[in-house]
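Beneath this line is the structure, given in structure tokens, with notes to follow.
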Amino acid sequence: MAAQNQISFLIILVSAILFSSEAQKGGEEAWAKRVDSGNEVVTSLQFYFHDKLSGQNPSAIMIAQPLQNSNSANLFGNLLMIDDALTVGPDPSSKLVGRARGLYGSAGQTDMNLIMAISYVLSDGIYNGSSFSLLSINQVMHSPREMAIVGGTGLFRLARGYAIAQTYQADASGDAIVGYNVTIASPTNI
């Protein structure tokens, strides 16, 4: 069992190195890579999450807030529903590869932590129709930050993994562009 874990770790490490070097080339097709080790497939994804709270057509809207007036600078208790674009680059007009759909809420009384329950539904290439689910605390003020992947559908059925997020751009309106590097392991025999 230890040898199998070491092999899986090496496959993940090699795929991450290959993925990051290809992603740096700037090609739009370099957003996703899959490595099949025999027992599991490790997928590396790199994309940008566009969370837009402002303007005529926001992709994130407040659906609940505390009944009592909160004095928290972190907006503790606010809950938002999202349908955010996922693109290959930070420019909102770059190639769309999916949508992040779900909700997040401010879960920190003293610091900015969001609890996130989101499905990342992909729409590009072999990933079209597959999704993975993130359920985790997002420590917004930390960069980078790590979040848990807890399942998925399609190519990511029975998935487990993690997402590393780093804020690329944010403004006073709450609009943000966040870069994601995601590593997902799922069984090959599904």
Side-chain angles (χ1 to χ4, degrees), residues 1 4-25 27-51 59-60 80-90 94-105 114-140 144-168 176-190:
M1 188 61 142
Q4 185 178 11
N5 288 342
Q6 288 175 338
I7 291 170
S8 293
F9 173 77
L10 287 173
I11 289 171
I12 291 169
L13 181 63
V14 169
S15 66
I17 291 168
L18 291 173
F19 177 69
S20 63
S21 67
E22 291 233 359
Q24 289 174 5
K25 294 177 187 173
E28 286 212 347
E29 300 308 316
W31 77 275
K33 298 288 180 209
R34 288 173 60 84
V35 176
D36 187 339
S37 70
N39 293 328
E40 67 182 1
V41 175
V42 176
T43 305
S44 298
L45 305 170
Q46 183 175 6
F47 54 82
Y48 289 83
F49 172 101
H50 299 266
D51 198 41
S59 64
L80 290 92
M81 184 67 65
I82 69 164
D83 184 3
D84 290 344
L86 305 175
T87 63
V88 296
S94 64
K95 181 180 177 181
L96 182 72
V97 294
R99 308 236 19 124
R101 293 182 170 144
L103 50 94
Y104 64 80
L114 302 176
I115 183 71
M116 300 181 68
I118 300 174
S119 286
Y120 293 74
V121 182
L122 303 178
S123 59
D124 187 56
I126 65 168
Y127 303 101
N128 186 20
S130 294
S131 69
F132 61 90
S133 297
L134 183 144
L135 176 61
S136 199
I137 288 289
N138 181 348
Q139 296 177 313
V140 177
R145 52 207 179 265
E146 183 175 336
M147 295 170 282
I149 304 299
V150 296
T153 66
L155 291 176
F156 305 123
R157 195 174 297 140
L158 298 175
R160 67 193 190 293
Y162 61 94
I164 303 293
Q166 187 162 354
T167 302
Y168 177 80
I177 300 171
V178 181
Y180 273 76
N181 287 300
V182 178
T183 301
I184 303 169
S186 51
T188 56
N189 57 352
I190 53 172

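All heavy atoms count here, side chains included; hydrogens, waters and symmetry mates do not.
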- Item | Salt bridge flag under 4.0 Å for residues D124 and K95 | yes

- If you measure from CG on L134 to CE on M147, what distance do you get to the nearest 0.5 Å? 5.5 Å

- Query: Hey, does the side chain of T183 reach the backbone of G161 with a donor-acceptor pair shorter than 3.5 angstrom?
  - Reply: no

- Message: Checking R145 now: which residues fulfil salt bridge (Lys or Arg N to Asp or Glu O under 4.0 Å) with it, not counting sequence neighbours?
- Response: none

- Taking it one step at a time, do V182 and I149 satisfy side chain to side chain contact (heavy atoms under 4.5 Å, CB included)? CA-CA 9 Å; V182 178; I149 304 299; 4.3 Å; yes

- Query: Distance from D36 atom CG to S186 atom OG, nearest 0.5 Å?
  - Reply: 9.0 Å

- Taking all heavy atoms of T188 and all of V41, pick out the closest pair and write down the distance. CG2-CG2, 3.3 Å

- Residues in side chain to side chain contact (heavy atoms under 4.5 Å, CB included) with N128, at least two apart? S123

- Note on the structure: E146 and S136 have their tightest heavy-atom pair at O-OG, 4.4 Å

- Would Y48 and V178 count as a side chain to side chain contact (heavy atoms under 4.5 Å, CB included) if you check the C-alpha gap in whole Å, the side-chain angles of each, and the deciding distance to 0.1 Å? CA-CA 6 Å; Y48 289 83; V178 181; over 6 Å; no

- Counting distance only, does the side-chain N/O of S119 pair as donor-acceptor with the main-chain N or O of V121 below 3.5 Å? no

- Would you say the side chains of R34 and T43 form a donor-acceptor pair under 3.5 Å? yes

- Query: Are any non-hydrogen side-chain atoms of L155 and I126 less than 4.5 angstrom apart?
  - Reply: yes

- Query: side chain to side chain contact (heavy atoms under 4.5 Å, CB included) between L122 and F156: does it pass, once the steps are laid out?
  - Reply: CA-CA 11 Å; L122 303 178; F156 305 123; 3.7 Å; yes

- Message: Please report the interatomic distance CG(D51) to CG(D84), rounded to the nearest 0.5 Å.
- Response: 4.0 Å

- Task: Tell me yes or no: between the side chains of H50 and S59, is some donor less than 3.5 Å from an acceptor?
- Result: no

- Give me the one residue out of W31, F132, F49 that meets ring pair (Phe, Tyr, Trp, His ring centres under 6.0 Å) with Y180. F49

- Query: Does the side chain of S131 come under 3.5 Å of the side chain of T153 through a donor N or O and an acceptor N or O?
  - Reply: yes

- Task: Apply side chain to side chain contact (heavy atoms under 4.5 Å, CB included) to Y104 and I82, showing your working.
- Result: CA-CA 8 Å; Y104 64 80; I82 69 164; 3.3 Å; yes

- Task: Please report the shortest heavy-atom distance between A32 and L45, naming the atom on each side.
- Result: CB-CD2, 3.5 Å

- From L114 CG over to L103 CG, what is the distance, rounded to the nearest 0.5 angstrom? 11.0 Å

- Would you mind reporting whether I118 and L135 have side-chain heavy atoms less than 4.5 Å apart? no

